[in-house]
Protein chains: 2
Amino acid sequence: MSDTTGPDAAAGRGRAALIEGGVEFDGRDAALLRAVDAAGSVAGAASALGRSRARALSRIETLEGAYGTLVERRRGGEGGGGSRLAGSARELLDRYDRLQAVLAATASVPETVLRGTVEAIDGEIAVVDTAVGALSGLHGGTGDGADTDSDGDGDAVAVGDPVQVRIGADAVTVNDAANAVDPDATSARNRLTGRVSRIDSGETVSTVRVAVEPVDREATGDAAVDVAALITAESVDRLGLAPGDPVSLRWKATATRLVPHAE
Amino acid sequence: MSDTTGPDAAAGRGRAALIEGGVEFDGRDAALLRAVDAAGSVAGAASALGRSRARALSRIETLEGAYGTLVERRRGGEGGGGSRLAGSARELLDRYDRLQAVLAATASVPETVLRGTVEAIDGEIAVVDTAVGALSGLHGGTGDGADTDSDGDGDAVAVGDPVQVRIGADAVTVNDAANAVDPDATSARNRLTGRVSRIDSGETVSTVRVAVEPVDREATGDAAVDVAALITAESVDRLGLAPGDPVSLRWKATATRLVPHAE
DNA sequence: CACCGTTGTATCCATGGCGATACAACGACG
DNA sequence: CGTCGTTGTATCGCCATGGATACAACGGTG
């Protein structure tokens with residue numbers, strides 16, 4: 001009962017797959033490789049998973065066509081032969097596991113989304129004008145274009161474009177407003193100040209929401225913007241945070257993602 | 001045993017899909033909903049995407065069976081009828097976009113992976129003993145874990161378990177070693193000191209690798225561990241970083257993920 | 001040398017997803 | 001009241017995926 005049988009009864013709210021050379025590596029493939037590792041043969045793995053041995057073998061071959069050697073197979077000999085995972089297969093499984101971990105994390109970590117317009121672009125970093133001032137963040141990754149079906153998370157960000165600024169709550173550090181850090185001594189550039197508006201306490205982790213005043217309140221009439229920060233409950237205690245307290249938020253430009261906003 | 005497997009940037013792209021009620025919502029579905037939004041009708045969306053209208057409609061119905069109302073359809077009337085996206089559809093698209101953004105980010109952001117064993121667990125936070133000392137991080141979901149991972153190798157982390165500690169390079173801030181920040185004034189708890197070993201400069205973003213000495217070098221004989229930090233080139237200049245410089249690394253426990261290492 | 005369990009390889013067949021097509025129902029508009 | 005373009009619904013066929021089966025090749029072992 002190591003595994004829940006059934007068609008990939010994916011548990012989380014999401015499912016991720018690696019892609020290389022047009023071949024997807026998903027949870028089913030990961031299970032297959034793990035079963036090969038456990039059984040010591042493709043045949044044993046197939047029967048353990050209740051799937052066709054011939055198909056499992058051909059699946060491994062197509063995977064190897066895209067990802068390189070994954071299973072070292074040997075026929076004849078002691079026990080009739082057998083198969084072992086290659087080192088690259090373990091790395092692949094590691095990559096898959098990490099992807100899964102990231103996926104699980106995004107499902108549970110809140111994030112703050114601000115709208116803004118691109119003010120300047122300098123390489124991978126763009127400066128965006130938002131209601132709470134200028135923020136800088138990464139736009140896109142090192143994009144290789146030509147994705148087949150998924151429409152654009154294209155990196156086509158240009159000056160003047162409307163974008164969403166997404167800030168993961170786990171990237172935001174909360175600082176005591178009184179104890180200002182010399183901004184020249186750290187690599188965290190984005191800074192905002194505000195007052196604690198709400199604290200959602202978990203078991204040992206709390207989500208602190210900080211109301212940040214818009215830069216030009218009377219001009220725009222915008223309400224305060226809530227920025228979420230995920231910090232440990234211990235930190236909440238240590239900083240003595242309570243609603244109304246003034247705090248300073250800080251996070252790195254590289255932890256800020258910009259996504260083009262359709263309209 | 002090398003401790004860090006420094007995944008090169010853009011090791012491979014992935015594909016993500018939301019899952020609910022056994023129904024996957026992938027890039028194709030996202031494109032369909034966006035086309036409906038743009039065309040104002042399912043028929044127009046189908047023809048714009050070059051796919052069958054009947055299938056598009058039935059696909060929307062199966063999606064709605066799992067995700068609730070997505071498209072408000074109306075037949076007859078002005079223009080013969082039409083369809084509009086429901087608010088929940090926009091939220092769904094937002095969730096999907098967010099997933100895509102995270103996926104793209106993980107593909108392009110290097111990360112540091114350390115092996116360790118769980119030393120203590122307190123709620124969502126676990127303390128892990130690694131070669132460079134005790135680090136704390138999140139395991140599994142946070143707080144609102146109404147549904148824990150029902151999948152097999154979930155987040156069942158127990159004391160003594162071997163785990164991988166995964167630190168995204170974009171979560172690590174680099175501080176001038178001379179200008180130490182009062183640790184009581186910030187919510188970033190994990191700290192390490194080391195010396196810059198390499199700087200990979202991008203256009204405006206650089207990856208700084210910092211060699212951290214193991215706590216018990218002569219006892220374990222381990223080599224120094226490289227921890228990656230992604231910071232802007234401007235920050236590199238501002239801090240005057242060069243190989244050999246002593247620096248202080250700091251990142252939040254909530255930005256550290258632990259994944260069970262099966263082996 | 002026969003036996004064994006595995007790796008290779010080929011073929012058939014069931015299933016599901018999707019395009020293509022056709023037709024009924026609908027309701028505002030001219 | 002007829003027209004129009006849409007939403008509903010049903011049916012057919014194509015094609016890819018994967019299971020089922022069969023058989024050859026292989027190389028230690030007894």
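These numbers come from the heavy atoms of this one structure, side chains and all, not from hydrogens, waters or symmetry mates. Order of the sequence lines fixes the chain letters, A, B, ..., with proteins taken first and strands second; residue numbering starts at 1 for each chain.
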Problem set entry | Residue pair B/Gln164 / B/Arg166, side-chain donor-acceptor N/O under 3.5 Å | no
Exercise. Which residues within residues 53-63 of chain A lie with some heavy atom under 4.0 Å of an atom in DNA chain D?
Worked result: A/Arg53, A/Ala54, A/Arg55
Exercise. With distance as the sole criterion, is a donor-acceptor pair present between the side chains of B/Thr204 and A/Glu124 under 3.5 Å?
Worked result: yes
Exercise. Hey, does A/Arg209 have a side-chain heavy atom less than 4.5 Å from the side chain of A/Asp200?
Worked result: yes
Exercise. Which residues, if any, of residues 71-84 of chain A bring a heavy atom under 4.0 Å of DNA chain D?
Worked result: A/Arg75, A/Gly76, A/Gly77, A/Glu78
Problem set entry | Separation of D/dG18 C1' from A/Leu32 CG (nearest whole Å) | 13 Å
Problem set entry | Side-chain heavy-atom pair B/Val165, B/Val113 within 4.5 angstrom cut-off | no
Problem set entry | Test log, rule salt bridge (charged side-chain N to carboxylate O under 4.0 Å, His left out), inputs B/Arg15 and A/Asp26 | CA-CA 9 Å; B/Arg15 167 180 167 276; A/Asp26 63 357; over 6 Å; no
Problem set entry | Under 3.5 Å donor-acceptor, A/Thr117 side chain and A/Gly160 backbone | no
Problem set entry | Non-hydrogen side-chain atoms of B/Arg55 and B/Leu32 separated by less than 4.5 Å | no
Problem set entry | From B/Thr112, B/Asp170, B/Ile167, residue fulfilling side chain to side chain contact (heavy atoms under 4.5 Å, CB included) relative to B/Trp251 | B/Ile167
Exercise. Separation of A/Asp29 atom CG from D/dG18 atom C1', in whole Å?
Worked result: 13 Å
